[in-house]
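In what follows, a structure is listed as structure tokens, so that the remarks can point back to it.
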There are 2 protein chains.
Amino acid sequence: MARRNDHSRKQIRELAIQAVLDVVDSDEDATITARSVAKGMGYTVGTLYLVFRNLDDLLLQVNSKLLQHLYGDMNVVAQNSEGPRDTIFELAKCYVSFAEDHPGRWQLLSHRRDNTLGHDAVENEADNIVEDIFVLVQTELTRLAPTRDSKEIAIAARALWSAIHGICIVTASSHLRRRAHYDARLLVHTLVHTYLSGFMFDKIESLAPRS
Amino acid sequence: MARRNDHSRKQIRELAIQAVLDVVDSDEDATITARSVAKGMGYTVGTLYLVFRNLDDLLLQVNSKLLQHLYGDMNVVAQNSEGPRDTIFELAKCYVSFAEDHPGRWQLLSHRRDNTLGHDAVENEADNIVEDIFVLVQTELTRLAPTRDSKEIAIAARALWSAIHGICIVTASSHLRRRAHYDARLLVHTLVHTYLSGFMFDKIESLAPRS
DNA sequence: GCAATTTATTGAACATTGTTTTATTTGTCA
DNA sequence: TGACAAATAAAACAATGTTCAATAAATTGC
């Protein structure tokens, strides 16, 4: 038995999160079970439930951490690129790279999870980072079209980023079922290129859906 | 006990598929279990496994049926709209409507499933319909830009449709976790509008990703 | 019409999960 | 040192997917 006080609760949380990452990194198709995580951290399930409300709680915290990293990377990229247009391309590349380079983690992140915990602190934290990512794009779009209505730009940013997300999802899904698939980077590049062309071209025009 | 030969195997398959739809229609968050499906069809689990290889097999067949319906609807819409541009808008609306009007079915469809069955007939059927949907869009894009390279258009169509898919995914996910969310129809309209502007505006220009 | 056989269907059984509870070990402090 | 508290393990439970032996119904051969 591991001697008690070998790890603080915070350390145990870290151990668990790391164990989850180890599992999905070693095999993107691996299913994460409470017992596999516990074994990975050198504890038993009971300890896991001492520190997390349930498995979803743990996975949510993993996602939160992944999102933090992703957001951090995106911020670096945003800093080091030339203009708003280039920045958006680089941000998109960054997003795709995450999905392609860490398929297990990406699956974790994009996996739909039932909301067993109510509105939770951690959950909100993850959602807030997602929101931050949208804002990052929104900022660059604003630089591209400073005169345009900010609400309109918010919508444009969300549309664009959800779109990029969609391409990653579809590509990952094709990967998963071993189907032929188009290169995600190419698709995303096409999307961003075309979308930005349209964004710049459009004059002030009604964006409301007809009927 | 239900008298044997009350239903043919094909009928039992239909019963099962219908039972699944009933479950997700009655509660989009409901988890589909072998036993709940069996109860819904008036049989027990054993019968289910007489007719399907496993649960995934059943769900895959449900998805195939859903995709057939969706594709049928999209075809009708494509027939009854004015020009290629309008058609694409209508196709997108059709897709969003499916996701919004039948959230349970949409979740079923967009749920990632491990590939427990190998390359299977039903699985290929579903994948083929997805491919057909892409082709539908591709056809309209070709009408919009008849001179453009067909490979390029194929990519553009996949990028566009994956993007629309992504918006539906993100919106549904927000719905699920009861978060504030932007209206999917508005986002999709913005996306299609902007994307088509860019698509029409772009001259023959390199679409290859830099570096 | 009745026994034998086949077969559809069930219900029990199994393994694996998430989760809770109980038992045990270990550290701490009076 | 011994009682208490906390950490950890181990066992227990319920719900799942899945399999399988038992059973009841239909069919067949006579």
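Order of the sequence lines fixes the chain letters, A, B, ..., with proteins taken first and strands second; residue numbering starts at 1 for each chain.
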C/dT19, OP1 or OP2 - any side-chain N/O from A/Arg53 closer than 4.0 Å?
no

Does B/Trp161 have its ring centroid less than 6.0 Å away from the ring centroid of B/Tyr195?
no

Mind checking what makes salt bridge (Lys or Arg N to Asp or Glu O under 4.0 Å) contact with B/Arg105, not counting sequence neighbours?
B/Asp25

Let me spell it out: for each of A/Gly46 and B/Val45, pick the nucleotide of DNA chain C with the closest heavy atom. Which residue's pick is nearer the 5' end?
B/Val45

Does A/Tyr49 place a side-chain N or O at less than 4.0 Å from the phosphate oxygens OP1/OP2 of C/dT20?
no

How many Å lie between CZ on A/Phe52 and P on C/dG18, as a whole number?
14 Å

Measure the acute angle between the ring planes of B/Tyr95 and B/Trp106, then classify it against the limits of 30° and 60° as parallel, tilted or perpendicular.
perpendicular

Select one nucleotide: of D/dT8, D/dA11, D/dT19, the one nearest the side-chain heavy atoms of A/Thr47.
D/dT8

For B/Glu28 versus B/Pro103, what's the shortest heavy-atom pair and its separation?
OE1-CB, 3.3 Å

Rounded to the nearest Å, what distance is computed from the CG atom of residue B/Leu55 to the C1' atom of nucleotide D/dA15?
13 Å

If you measure from the Lys or Arg side-chain nitrogens to the Asp or Glu carboxylate oxygens, is any gap between A/Glu131 and B/Arg179 under 4.0 Å?
no

Using the side-chain heavy atoms of A/Leu50, tell me which of these nucleotides is nearest: D/dT18, D/dT8, C/dA8.
D/dT8

Separation of atom CE in A/Met41 from atom C1' in D/dA9, rounded to whole Å
13 Å

From C/dG18, D/dA9, D/dA7, pick the nucleotide closest to the side chain of A/Tyr43?
D/dA9

Check for me whether A/Arg148 meets the cation-pi criterion with A/Phe199, that is, NZ or CZ under 6.0 Å from the six-membered ring centre and within 45 degrees of the ring axis.
yes

How many Å lie between CG on A/Asn54 and C1' on C/dT20, as a whole number?
13 Å

Once you round it to whole Å, what is the distance between P of C/dA8 and CG of B/Asp6?
13 Å

Base, sugar-phosphate, or nothing for A/Thr44, non-hydrogen atoms under 4.0 angstrom?
base

Side chains of B/Ser64 and B/Glu125: any donor to acceptor distance under 3.5 Å?
yes

Within this structure, what is the CG-to-C1' distance between A/Leu48 and C/dG18, rounded to whole angstrom?
11 Å

Spacing of A/Asp56 atom CG relative to C/dT19 atom P, expressed in whole Å:
7 Å

Measure NZ/A/Lys39 against C1'/C/dT17 and give the value in whole Å, please.
15 Å

Can you pull out the residues from residues 12-35 of chain B that lie within a 4.0 Å heavy-atom distance of DNA chain C?
B/Ile12, B/Arg35

